[in-house]
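Please read the structure below before turning to the comments.
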Amino acid sequence: MKDLTPRREDLDPIEIASRDEIGALQLNRMKWSLRHAYDNVPFYRQKFDEAGVHPDDLKSLSDLSKFPFTVKQDLRDNYPFGLFAVPREQIARIHASSGTTGQPTVVGYTASDLKMWGSVVGRSLRASGLRPGDVLHNAYGYGLFTGGMGVHGGAEQYGLTVVPVSGGMTQRQVRLIEDFRADGITVTPSYALSILDEYARKGRDPRESPLKVGIFGAEPWTNAMRLEIEAAFDMHAVDIYGLSEVIGPGVANECVETKDGLHVWEDHFYPEIINPTTGEVVEDGEMGELVFTSLTKEGFPIIRYRTRDLTRLLPGTARSMRRMEKITGRSDDMIILRGVNIFPTQIEEQLMEVPELSPHFQIELVRPGRMDEMHVHVELAEGQSTDIQADAAHRLKGLVKSHVGVTVKVNVTEPGGVERSQGKAVRIIDNRPKE
Ligand code: DLL
């Protein structure tokens, strides 16, 4: 793999500024952001008043903990535009969650928010190893989802040649990567695996592809998966994080030279980690739920948003800004099976240990009697004989038992037997009877 480390002189000065400088900038911006939310969004004014706090009470960054949290339900309750802080006419773009499981959540951006978003996405792409003039194959979904257009805007602003393929039509993905000589690909890790399958189907060697780096996010993935993808494509694989409520992709990104967690672009998004049960802020280094406050957003300021993502904050390495550890999972995706807490990423880690199985998987929860059961659906890797099916199932079951601590049933299908996604993978299917 090529060394893609960016030159220090190409970084934004704030990326490598002193902690004091970063802190001073954050404090100024945080004061502005709290005031902006309070003055322009009735929801925030009411919440702050009820909690007995006022933007003027923020004297230091740690005073933020006095302010109330915002949760997803607050966005639903204020559907569609109730949390906007500028007149609707000044909103240049809307994005929204798909709303398949309830009321969609809507976010809005002013023209200057879009510029700021472009700059943090550009910074993320540079940290990933891309340079102006490189070709980017953008396979995140275009539309209301922030992945496609968010990466697109930032890539253009940064000076890349963007190929806006979006998700789907997997055969065409491979063809365009090859024909347009893509240097980088932005895609969910699960859909990257489908593209990899397509290389095999075509009888082409992905190691010969022009790709130098893959920038994967929008769903949890493990370091074991990173090694698998890096080896398969002979390219770097880095992690990009974000969420629509905070802006979209580009809230945090790994640096290609260290790949040791994601640097949070703290000059625009202020992170805290809280104990999800008590709501108390915990020290850096401790695990908990990630909470974000936007520092510069005009259209849709967000104060202390509870992401439900579980991670911890670590000191900066390749940049001065703090890192968040690769996300283990969302509290929503935590399965409690007979008292043991399990995240799908833990199953992924064990699955990677069995080379006869492909990395695609789904978890089904059932309750045939009184006890919940977890069935792991996996498939044989391409070219494996069905004779080893039982043995592979047995091995995965053993690994899950000894490393995760639960007994699961493993169902090994033929290649292609596990449902594919073109964006975020659906990892858990809950077929337990509804209470
Ligand atoms: O997924 C934005 C995005 C697009 C990020 C493309 C990266 C790349 P939402 O649809 O609002 O936004 O979903 C946000 O996805 O709270 C996490 O649970 C999860 N997520 C996003 N990035 C990562 C990641 C986009 N790198 C939710 N690792 C977040 C783990 C991630 N989970």
Side-chain angles (χ1 to χ4, degrees), residues 19-20 22-35 37-38 41 43-77 83 105 220 241-243 245-247 251-252 261-295 297 301-316 321-336 339-343 345-346:
R19 284 306 309 180
D20 283 352
I22 294 173
L25 179 76
Q26 287 175 321
L27 183 59
N28 272 335
R29 290 182 166 181
M30 194 180 282
K31 286 180 177 168
W32 173 83
S33 189
L34 290 173
R35 160 70 62 187
Y38 186 80
V41 186
F43 162 82
Y44 283 117
R45 177 173 289 251
Q46 193 187 338
K47 285 258 295 227
F48 290 11
D49 286 350
E50 279 168 13
V53 282
H54 186 272
D56 291 343
D57 297 336
L58 188 97
K59 307 277 186 236
S60 70
L61 291 169
S62 59
D63 288 335
L64 185 63
S65 64
K66 299 175 182 156
F67 288 78
F69 294 116
T70 307
V71 295
K72 201 171 196 89
Q73 189 59 39
D74 295 323
L75 273 73
R76 297 207 169 108
D77 293 346
L83 295 183
T105 50
Y241 171 86
L243 63 167
E245 294 86 339
V246 173
I247 201 152
V251 173
L262 302 89
H263 286 269
V264 179
W265 304 135
E266 280 192 81
D267 48 339
H268 295 285
F269 315 108
Y270 186 81
E272 297 171 285
I273 301 286
I274 61 161
N275 174 323
T277 317
T278 64
E280 295 282 322
V281 176
V282 303
E283 296 283 318
D284 283 7
E286 272 184 55
M287 283 295 292
E289 179 181 340
L290 184 59
V291 170
F292 274 109
T293 297
S294 66
L295 300 180
K297 278 206 303 175
I302 189 109
I303 309 298
R304 302 199 84 203
Y305 184 69
R306 292 188 60 160
T307 64
R308 302 193 161 271
D309 293 323
L310 303 172
T311 182
R312 57 193 184 130
L313 289 174
L314 300 165
M321 300 191 186
R322 283 176 291 176
R323 287 166 300 148
M324 52 184 259
E325 196 169 63
K326 217 164 176 3
I327 290 188
T328 335
R330 292 173 63 73
S331 50
D332 305 10
D333 284 347
M334 189 176 80
I335 301 162
I336 306 179
V340 183
N341 298 350
I342 309 156
F343 291 102
T345 45
Q346 290 174 280

Under 3.5 Å, side-chain donor or acceptor atoms of residues 280-288 against the rest of the protein: list the pairs with distances, not counting sequence neighbours.
{"from": "Asp284", "atom 1": "OD1", "to": "Arg322", "atom 2": "NH1", "distance (Å)": "3.3"}
{"from": "Asp284", "atom 1": "OD2", "to": "Arg322", "atom 2": "NH1", "distance (Å)": "3.2"}

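Annotation: Arg45, atom CZ; neighbour count of heavy atoms from other residues, nucleotides and ligands within 6.0 Å is above 12.
Between Asp63 and Lys66 there is a salt bridge, since a side-chain N of the basic residue sits under 4.0 Å from a carboxylate O of the acidic one.
Put simply, CG on Leu310 and CD on Glu325 are 11.5 Å apart, with the number rounded to the nearest 0.5 Å. Once rounded to the nearest 0.5 Å, the distance linking CD1 of Ile303 with CE of Met30 reads 8.5 Å. One distance of note links NZ of Lys31 with CG of Leu64; it measures 13.0 Å at 0.5 Å rounding. Considering CG of Leu295 and CG of Leu34, their distance stands at 9.0 Å, rounded to 0.5 Å. In this structure, Ser33 OG and His268 NE2 are separated by 12.0 Å, a value rounded to the nearest 0.5 Å. With rounding to the nearest 0.5 angstrom, the CG atom of Leu262 is 7.5 Å from the CD1 atom of Ile327.
Counting heavy atoms from C-beta outward, Leu58 and Phe67 have side chains that approach closer than 4.5 Å. Side-chain contact between Leu75 and Tyr305: present, with at least one pair of heavy atoms (C-beta onward) separated by less than 4.5 Å. You'll find the side chain of Glu266 reaches within 4.5 Å of the side chain of Pro271, heavy atoms only. Residues Thr311 and Tyr241 have side chains not in contact (no heavy-atom distance under 4.5 Å, counting atoms from C-beta outward). Looking at heavy atoms from C-beta onward, Val264 lies out of side-chain contact with Met321 at the 4.5 angstrom threshold. Proximity of Ser65 to Arg304: side-chain heavy atoms (C-beta onward) are separated by under 4.5 Å at one or more points. Phe43 is not listed as a side-chain neighbour of Asp77, based on a closest heavy-atom distance of 4.5 Å or more.
Looking at Thr307, its side chain does come within 3.5 Å of a backbone N or O of Leu290 through a donor-acceptor pair. A donor-acceptor pair under 3.5 Å is absent between the side-chain atoms of Glu50 and the main chain of Lys47, judged by distance alone. At distances below 3.5 Å, not a single donor-acceptor pair connects side-chain atoms of Arg308 with backbone N or O atoms of Asp333. Counting only distance, with no hydrogens or angles, the side chain of Asn28 and the backbone of Leu25 share no donor-acceptor pair below 3.5 Å. Between the side chain of Arg323 and the backbone N or O of His263, no donor-acceptor pair lies under 3.5 Å. Under the 3.5 Å distance criterion, the side-chain polar atoms of Ser294 are left unmatched by any main-chain donor or acceptor of Pro301.
For Thr345 against Pro220, the heavy-atom pair with the smallest separation is CG2-CB, 3.6 Å. Between Pro55 and Tyr38, the closest heavy-atom pair is CG-CB, 3.5 Å. In terms of heavy atoms, Ile273 sits closest to Arg312 at CD1-CA, 4.1 Å. Closest heavy-atom contact between Asp57 and Val53: OD2-CA, 3.4 Å. Here the shortest heavy-atom pairing between Asn275 and Thr277 reads OD1-N, 2.8 Å. In terms of heavy atoms, Lys59 sits closest to Leu27 at O-CD2, 3.6 Å.
Relative orientation of the Phe292 and Phe269 rings is perpendicular, given thresholds of 30° and 60° on the angle between their planes.
Judged by the 6.0 Å and 45° rule, Arg306 forms a cation-pi pair with Phe69.
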